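Below: the structure, in structure tokens.
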Amino acid sequence: QVQLVESGGGLVQPGGSLRLSCVASEWTLEHYTIGWFRRAPGKGREGVSCITSNARQTYVEDSVKGRFTITRDNAKNTAYLEMNDLKPEDTGTYYCAGDRGRLCGPHSTFSGSWDSWGQGTQVTVSS
């Protein structure tokens with residue numbers, strides 16, 4: 001069985017920061033590309049960021065570029081999304097997903113089927 005668990009969400013004021021974590025259990029994170037996605041209320045799923053298994057490729061969407069950073073620590077079986085200068089439009093449920101052999105780049109990075117998904121963590125940016 002494979003399981004991903006996100007944590008670190010919460011309520012933050014505009015301009016604030018949060019660090020999301022994605023922990024893998026019952027599988028080895030080092031063999032998987034990790035993606036971060038979000039879903040705003042009433043909206044569809046949006047890809048946010050991606051990091052390959054060895055971290056030699058990373059990608060962030062233009063809407064969060066310069067504010068969000070994706071990292072991973074394979075020894076801890078954990079991936080992270082550091083979010084800075086948060087805006088109200090960043091509000092939503094954030095999910096991590098794992099996929100074997102997927103590349104991270106500007107074209108079709110978040111498309112298709114991913115092997116595993118976490119349950120999501122809520123991020124609310126509001127005054």
Side-chain angles (χ1 to χ4, degrees):
Q1 295 182 349
V2 177
Q3 186 177 87
L4 297 174
V5 179
E6 304 95 335
S7 63
L11 175 64
V12 65
Q13 294 184 342
S17 299
L18 288 171
R19 187 194 192 205
L20 306 184
S21 298
C22 174
V23 180
S25 61
E26 303 186 74
W27 63 295
T28 303
L29 187 74
E30 66 180 340
H31 297 129
Y32 291 81
T33 293
I34 298 296
W36 283 96
F37 299 78
R38 65 187 179 187
R39 187 184 298 273
K43 304 292 185 179
R45 187 183 69 192
E46 176 190 17
V48 177
S49 191
C50 179
I51 186 167
T52 54
S53 61
N54 61 6
R56 299 191 74 171
Q57 283 186 326
T58 61
Y59 177 76
V60 293
E61 283 290 311
D62 288 343
S63 62
V64 302
K65 189 175 183 179
R67 300 188 296 118
F68 290 14
T69 302
I70 188 169
T71 58
R72 65 191 298 155
D73 186 341
N74 288 339
K76 296 182 178 180
N77 232 24
T78 304
Y80 305 94
L81 185 67
E82 181 76 27
M83 305 186 296
N84 299 305
D85 191 25
L86 284 161
K87 305 177 185 297
E89 53 263 41
D90 295 318
T91 293
T93 304
Y94 283 69
Y95 303 86
C96 67
D99 204 36
R100 297 167 181 158
R102 185 181 290 261
L103 301 179
C104 298
H107 304 293
S108 300
T109 292
F110 305 107
S111 65
S113 179
W114 291 66
D115 291 342
S116 303
W117 288 87
Q119 85 291 340
T121 185
Q122 180 65 36
V123 172
T124 302
V125 185
S126 177
S127 299

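Here the structure is a predicted model, which means the values were calculated and not measured.
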Return the minimal non-hydrogen interatomic distance between L29 and A79, and the atom names on each side. CD2-N, 3.9 Å
Measuring only between side-chain heavy atoms, which start at C-beta, is T91 closer than 4.5 Å to Q122? yes
Closest non-hydrogen atom pair, W36 against C22: CZ2-CB, 3.6 Å
For the pair V23 and S7, evaluate side chain to side chain contact (heavy atoms under 4.5 Å, CB included) and give the outcome as yes or no after the intermediate values. CA-CA 8 Å; V23 180; S7 63; 5.7 Å; no
State yes or no: do L81 and L86 share one hydrophobic cluster built from I, L, V, M, F, W and Y residues joined by side-chain heavy-atom distances below 4.5 Å, directly or via other members? yes
Locate the shortest heavy-atom distance separating R39 from Y95; write the atom from each residue and the value. CB-CE1, 4.3 Å
Hydrophobic clusters here meaning ILVMFWY residues chained together by side-chain heavy-atom distances under 4.5 Å, can you tell me if W114 and Y94 are in one? no
In sequence, state the C-alpha distance, the side-chain angles, and the governing distance for Y32 and S53, and then conclude on side chain to side chain contact (heavy atoms under 4.5 Å, CB included). CA-CA 5 Å; Y32 291 81; S53 61; 5.9 Å; no
Minimum heavy-atom distance between L4 and S116, given as atom pair plus value: CD1-O, 3.8 Å
For A55, side chain to side chain contact (heavy atoms under 4.5 Å, CB included) partners two or more places apart: I51, R72
Answer with yes or no whether the hydrophobic clustering places Y80 together with V123; edges join I, L, V, M, F, W, Y residues whose side-chain heavy atoms lie under 4.5 Å apart. no
Are F68 and L20 linked, directly or through intermediate hydrophobic residues, by side-chain heavy-atom contacts shorter than 4.5 Å (ILVMFWY only)? yes
For residues 56-63, run the donor-acceptor check on the side chains, cut-off 3.5 Å, and write out each pair with its distance to 0.1 Å, sequence neighbours left out.
residue: Q57; atom: OE1; partner: C104; partner atom: N; Å: 3.2
residue: Y59; atom: OH; partner: E61; partner atom: OE2; Å: 3.3

Evaluate the side chain to side chain contact (heavy atoms under 4.5 Å, CB included) criterion for residues E82 and T71: first the C-alpha distance (whole Å), next the side-chain angles of each, then the deciding distance (0.1 Å), finally the verdict. CA-CA 8 Å; E82 181 76 27; T71 58; over 6 Å; no
Side-chain heavy atoms of E6 within contact of Q119, under 4.5 Å: yes
Give a yes or no answer on whether the side chain of D73 reaches the backbone of T78 with a donor-acceptor pair at less than 3.5 Å. no
From OG (S49) to CZ (R38), nearest 0.5 Å: 11.0 Å
Look at the side-chain heavy atoms of Ile, Leu, Val, Met, Phe, Trp and Tyr, link any pair under 4.5 Å apart, and say whether V12 and V64 land in one connected group. yes
Could you give me the CA-CA distance, side-chain angles and deciding distance for D90 and M83, then say whether side chain to side chain contact (heavy atoms under 4.5 Å, CB included) is met? CA-CA 10 Å; D90 295 318; M83 305 186 296; over 6 Å; no
Do the ring planes of W117 and F37 sit parallel (below 30°), tilted (30 to 60°) or perpendicular (above 60°)? tilted
Considering all heavy atoms of both residues, which atom of G8 and which atom of T121 are nearest to each other, and what is their separation? N-OG1, 4.1 Å
